[in-house]
Number of protein chains: 2
Amino acid sequence: MYEKIIKEKGLSLTKKRVDILRTLDINKKPLMIDDIKKKVKTKMDTSTIYRSLKVLVDSGLVYQTDFREGVSYFEFHGENGHHHHIICTTCKKRESIDICMDKAFPSLEKKTGYKITNHIFEIFGLCKTCLK
Amino acid sequence: MYEKIIKEKGLSLTKKRVDILRTLDINKKPLMIDDIKKKVKTKMDTSTIYRSLKVLVDSGLVYQTDFREGVSYFEFHGENGHHHHIICTTCKKRESIDICMDKAFPSLEKKTGYKITNHIFEIFGLCKTCLK
DNA sequence: TTCATTTTTGCAAAAATTTGCAAAAAAATA
DNA sequence: TATTTTTTTGCAAATTTTTGCAAAAATGAA
């Protein structure tokens with residue numbers, strides 16, 4: 001299954017990549033490098049995790065996000081699972097939101113000549129509690 | 001001028017913050033920490049630049065973005081200057097784009113109870129040249 | 001102003017992320 | 001399948017970013 005997904009993106013199929021993708025999919029929430037390193041089945045070097053994720057992110061399979069906590073987070077968004085977040089800059093709490101700009105992408109591709117593969121969209125602010 | 005902008009956001013007014021903000025404004029393009037360190041008038045420690053920028057970014061004065069080059073970039077968007085980018089994941093070339101989601105923010109604030117201060121929106125893909 | 005309180009800064013150290021290079025694994029070709 | 005070529009991985013080292021703590025600067029109240 002993950003094998004198929006990776007192949008379809010034209011990436012080389014490696015056990016580590018499958019392992020990482022499965023780990024992200026099973027956990028259903030943003031994981032940081034250290035989480036992934038602990039949860040993955042195969043023992044793998046940290047630099048391998050970084051490099052594998054870079055490939056998966058560039059291809060659009062994995063969503064990378066920066067919650068401004070000093071570490072990056074990664075998620076696998078399966079069918080219809082694509083979403084973004086709103087994050088409190090004070091308490092770091094975050095929630096999923098369901099607005100996105102996808103609809104504008106086809107015309108943007110036409111205008112720029114780019115083939116769009118991925119995007120980041122995150123909103124920062126103060127949550128109800130921290131506003132007080 | 002920069003003094004006023006900083007004060008209006010309710011931040012403490014320091015010479016370093018003014019210096020950083022002026023530097024970003026004058027240069028009119030995304031700068032990385034090292035650029036800022038070199039261009040700034042006052043000698044200041046790298047950690048001070050990081051920390052000052054964090055405050056400026058959280059307040060919404062400065063736009064922080066990750067072009068996936070291994071370093072962060074910072075921009076000051078003055079009046080009507082707010083914009084985002086489309087970035088080629090292969091050659092790292094980037095262009096400004098003029099689409100944004102701001103219009104959705106008021107209703108999102110109402111729905112979530114957050115006071116939105118800043119956001120990230122960046123699009124990645126393959127440029128015309130790298131597609132070949 | 002002056003003094004007390006809070007926030008910022010510099011420095012050194014820690015943590016996160018990237019990179020070069022040789023060995024291992026995967027893909028392409030025969 | 002065997003062989004060659006290309007890509008990925010592990011390891012060590014480099015670079016970028018974050019953090020704790022004491023001193024310096026900014027803020028707020030007399």
Side-chain angles (χ1 to χ4, degrees), chain A residues 2-23 30-38 40-59 61-62 64-74 87 89-90 92 120 130, chain B residues 2-23 30-38 40-59 61-62 64-74 87 89-90 92 120 130:
Chain A
Y2 301 111
E3 285 78 356
K4 183 155 168 277
I5 295 174
I6 291 171
K7 279 270 172 195
E8 278 173 355
K9 285 287 180 182
L11 308 175
S12 318
L13 180 64
T14 73
K15 285 167 190 135
K16 320 258 168 187
R17 288 177 182 175
V18 172
D19 197 355
I20 290 171
L21 202 56
R22 191 201 320 101
T23 303
L31 297 182
M32 48 193 202
I33 298 291
D34 211 53
D35 296 331
I36 297 170
K37 182 156 191 171
K38 282 175 191 149
V40 116
K41 289 185 178 172
T42 326
K43 179 170 161 302
M44 64 183 102
D45 191 76
T46 308
S47 69
T48 301
I49 301 178
Y50 277 104
R51 276 193 274 222
S52 302
L53 281 169
K54 185 181 266 297
V55 171
L56 295 172
V57 168
D58 281 350
S59 77
L61 281 178
V62 169
Q64 172 173 6
T65 194
D66 170 17
F67 294 131
R68 305 238 172 97
E69 295 178 22
V71 293
S72 285
Y73 282 82
F74 300 87
I87 301 120
T89 53
T90 300
K92 305 300 180 189
I120 301 179
C130 292
Chain B
Y2 301 111
E3 284 79 356
K4 182 155 170 277
I5 295 173
I6 291 170
K7 279 272 172 191
E8 279 172 355
K9 285 287 180 182
L11 308 176
S12 320
L13 180 64
T14 73
K15 285 167 191 136
K16 319 261 169 186
R17 287 177 183 175
V18 172
D19 198 357
I20 291 171
L21 202 55
R22 189 199 323 100
T23 303
L31 297 183
M32 49 193 202
I33 297 291
D34 212 49
D35 297 329
I36 297 171
K37 181 157 193 171
K38 282 175 192 149
V40 119
K41 289 185 178 172
T42 325
K43 179 170 163 299
M44 64 182 103
D45 191 77
T46 308
S47 68
T48 300
I49 302 178
Y50 276 105
R51 277 192 275 220
S52 303
L53 282 168
K54 184 181 267 298
V55 170
L56 295 171
V57 168
D58 281 350
S59 76
L61 281 179
V62 170
Q64 170 172 8
T65 193
D66 170 17
F67 294 132
R68 305 238 172 95
E69 295 177 21
V71 293
S72 285
Y73 283 83
F74 300 87
I87 301 119
T89 52
T90 299
K92 306 299 181 189
I120 301 179
C130 293

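Remember, it's a predicted structure, so these values are computed and weren't measured experimentally. So you know, we letter chains A, B, ... as the sequences are listed, proteins then strands, and number each from 1.
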Heavy-atom contacts, protein to nucleotides 11-21 of chain D, under 4.0 Å, summarised as B (base), S (sugar-phosphate only) or - (none) per nt, yield B----SBBBBB

Might you point out which heavy atoms bring B:I87 and B:K92 nearest each other, and give the distance in Å? CG2-O, 4.3 Å

Just the rounded figure in Å: distance from P of C:dA27 to NZ of A:K15. 10 Å

What is the distance from CD1 of A:I6 to C1' of D:dT7, rounded to the nearest Å? 14 Å

Is any side-chain heavy atom of A:I120 closer than 4.5 Å to a side-chain heavy atom of B:R68? yes

Is any side-chain heavy atom of B:L56 less than 4.5 Å from a side-chain heavy atom of B:L11? yes

When rounded to whole Å, the NZ to C1' distance for the pair A:K38 and C:dA16 reads 14 Å

Side chains of A:D58 and B:T89: donor-acceptor distance under 3.5 Å anywhere? no

Once side-chain contact (heavy atoms from CB on, under 4.5 Å) is applied, do any residues pair with A:K37, and if so which ones, sequence neighbours excluded? A:T46, A:I49

